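Below: the structure, in structure tokens.
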Amino acid sequence: MTTSSAAVPGRATPAKALRSTIGLKLLMAVSGLGLVGFAVVHMLGHLQMFGGRDAYNSYAATLQGLGAIKWVARLGLLAAVAVHIGCGITLARRNRQARPAGYAVRRSLRATSYGRAMLLTGLVFLAFLLYHLAHFTLGWVHPQHFASTDSLGRPDIYGNFARSFTNPLITAAYVVASIAVAMHATHATSSMLRTLGLSQGRTRRICELAGSTVGVALLSGFASVPIACLLGLVTP
Amino acid sequence: MRVKLRIWRQSGPTDTKAGLRDYTVETDEHMSFLETLDVLNADLIRKGESPVAFDHDCREGICGACSLVIDGVPHGPRAATTTCQIHMREFRDQAVITVEPWRAKAFPVIKDLTVDRSAFDRIIAAGGYVSVRTGAAPDANAIPIGKRTAERAFDFAACIGCGACVAACPNASAMLFVGAKVAQLALLPQGQVERGSRATRMVAQMDAQGFGGCSNHGECEAVCPKSISLDAIAMLNVETMRAALERA
């Protein structure tokens, strides 16, 4: 009949496989795995805010003292973000083109709100990431909280955090971002495990549980610090 | 019982006046959904109007021809059931039921509720087979296969190629269909010879047909009349990786 009689794909090569839908999804999964891994470590590091000024500032000074390793990690994360966004845009465009005419009535049976909102939560998070870097890494926004030192002469990151989050607007921005990250990571984790072929048969339920566990952990871990500062439980 | 059917009418592939039209049909709760459409068509023919075109063949849930999106769900309200096995007792008297065709770029509408699903045939032709010399049927159990493996392969082989997975997927992805065939053949000894190239060739054809990619929502699994598991998609990913690594 009338279908586009698509071109015969020809010889399959690894390079072609990487550009296929599944290749892009694998790149998405591997870069996402790195980003979720970083998010979990980052969140655990931040929980040291509850350990007081000395504990947090010495943790921050250790990270800053890593030198070359720090830059390798930063470049790796930047590459992961770039690959993730690039593949995400390509896949989203393909997916949109795959259904030019929609349904008059459509009822979802299984798709979750956080699964459907991946693009939105991803974009919210990207906007937040730029703000977050300008806030605590570069000191461009709210510079009044930046560049103070503690009694040992180390950068007083603890004080910077605690002072920043006494502002309800800054705290609100961080809580919204925590929600977006948690929603994104919940679908991402179980989705990534399936894309990597690990979620099958008996492991499926564990992989799906891993998604919600990562999501809940990230939400409570990330949101607790700003909220604690705002409520005065962690003081500058 | 009496129902109001809101049916997608489209006279041909390029009909610009296509849209939903309302029909009131006197039916019976013991009638099947397709029989209700038969009643409507008999009435339309009597009135000299064009009957509603829809795909159907075996009407016993095994051929994969019937393909209607009923109230927003491919194959209608009953899980693990094809359209032809849906009966009017699933609906209330006086119900308004919307009936649409599968929607995907790769499944263009031919007329009304029938779509061209030959894209699936081209994916199968790209690698969804085992090349064998034909001859007499081999002896049963000539190649021993463990029960668990045989059952898993059979679960994937249950796919009837109806395309409900594509119709339900928010991305119009065919990965459950492709995965089912790739997984079935990857599990069996007969499928090993062509295993290295099967997934890559079928995936390349899947992309060329214009299907989307999997976002792991699970809508396909929920509407599949043969309950094909999402494990098929996990296996398709693994087989694609395996083939790429083998060639590298």
Side-chain angles (χ1 to χ4, degrees), chain A residues 1-26 28-29 90-92 94-112 115-116 118 187-188 190-201 203-204 207, chain B residues 6 8 13 20 69 71-73 98 100 103-110 116 118-119 122 126 152 168 170-173 175 197 199-201 203-219 221-223 229-231 233-238 240-241 243-245 247-248:
Chain A
M1 269 307 290
T2 52
T3 317
S4 53
S5 52
V8 180
R11 230 181 107 80
T13 62
K16 267 190 201 166
L18 214 56
R19 284 197 303 272
S20 74
T21 302
I22 293 183
L24 290 171
K25 283 197 53 63
L26 285 169
M28 198 87 186
T90 312
L91 284 168
R94 279 191 196 179
N95 291 344
R96 205 149 291 191
Q97 285 166 352
R99 176 164 296 132
Y103 293 104
V105 178
R106 178 75 190 101
R107 195 156 68 83
S108 275
L109 299 177
R110 202 71 79 67
T112 56
R116 297 300 291 266
M118 288 302 270
H187 183 77
S190 57
S191 183
M192 169 246 298
L193 291 169
R194 182 166 297 115
T195 301
L196 296 175
L198 299 171
S199 173
Q200 275 188 56
T203 61
R204 178 170 169 178
C207 290
Chain B
R6 306 188 65 211
W8 182 263
L20 291 167
V69 176
D71 282 340
V73 179
T98 308
E100 296 176 81
R103 293 284 188 201
K105 183 183 166 208
F107 288 166
V109 172
I110 298 169
D116 180 358
S118 55
R122 283 187 287 276
R152 281 187 73 204
N171 308 332
S173 169
M175 279 174 66
S197 61
T200 16
R201 284 162 55 190
V203 168
Q205 189 68 48
M206 172 185 97
D207 283 351
Q209 295 299 147
F211 291 105
C214 173
S215 293
N216 294 301
H217 293 303
E219 292 288 326
E221 184 186 62
V223 300
S229 154
L230 281 177
D231 288 4
I233 293 178
M235 281 195 71
L236 175 64
N237 295 326
V238 171
T240 310
M241 275 188 269
L245 290 175
R247 298 237 163 183

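Letters A, B, ... mirror the listed sequences (proteins, then strands); counts begin at 1. None of the values given here were measured: they were computed from a predicted structure.
Heavy-atom minimum distance, Ala234(B) versus Gln200(A): CB-CG, 3.4 Å. In this structure, Ala98(A) and Ala172(B) approach most closely via the heavy-atom pair O-CB, 3.5 Å. Minimum interatomic distance between Val105(A) and Glu100(B) (heavy atoms only, all atoms of both residues): N-OE2, 3.1 Å.
Residue with the most contacts toward chain A among Met175(B), Met241(B), Arg6(B): Met241(B) (heavy-atom pairs, distance under 4.5 Å). Taking Arg106(A), Arg107(A), Met118(A) one by one and counting their heavy-atom pairs under 4.5 Å with chain B, the maximum is reached by Arg106(A). Highest contact tally toward chain A, considering only Leu20(B), Val69(B), Ile233(B), is held by Val69(B) [criterion: heavy-atom pairs under 4.5 Å]. Heavy-atom pairs under 4.5 Å with chain B peak, among Ser20(A), Ser199(A), Ser191(A), Pro100(A), at Ser191(A).
Side-chain atoms of Lys25(A) come within 3.5 Å of backbone atoms of Cys214(B) as a donor-acceptor pair (strictly under, hydrogens ignored). Not one N or O on the side chain of Asn95(A) forms a donor-acceptor pair closer than 3.5 Å with the backbone of Gly212(B).
Here the CG-CZ distance, from Leu230(B) to Arg194(A), works out to 4.5 Å after rounding to the nearest 0.5 Å. Within the model, atoms CZ of Arg116(A) and NE2 of His217(B) stand 5.5 Å from one another, a figure rounded to the nearest 0.5 Å. Here the CZ-OG distance, from Arg99(A) to Ser173(B), works out to 10.0 Å after rounding to the nearest 0.5 Å.
Proximity to chain A (any heavy atom under 4.5 Å) is shown, for Ser215(B), by both the backbone and the side chain. With a 4.5 angstrom heavy-atom cutoff, Ala199(B) does not touch chain A via any of its atoms. Only the side chain of Leu26(A) has a heavy atom closer than 4.5 Å to any heavy atom of chain B.
Note on Arg204(A) versus Glu221(B): salt bridge recorded, some NZ/NE/NH1/NH2 to OD/OE distance being below 4.0 Å.
When each of Leu18(A), Ile22(A), Thr21(A) is checked for a side-chain contact (heavy atoms from CB on, under 4.5 Å) with Thr240(B), only Ile22(A) meets the rule.
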Verdict with supporting geometry, Arg94(A) and Asp207(B), side-chain contact (heavy atoms from CB on, under 4.5 Å): CA-CA 9 Å; Arg94(A) 279 191 196 179; Asp207(B) 283 351; 3.7 Å; yes

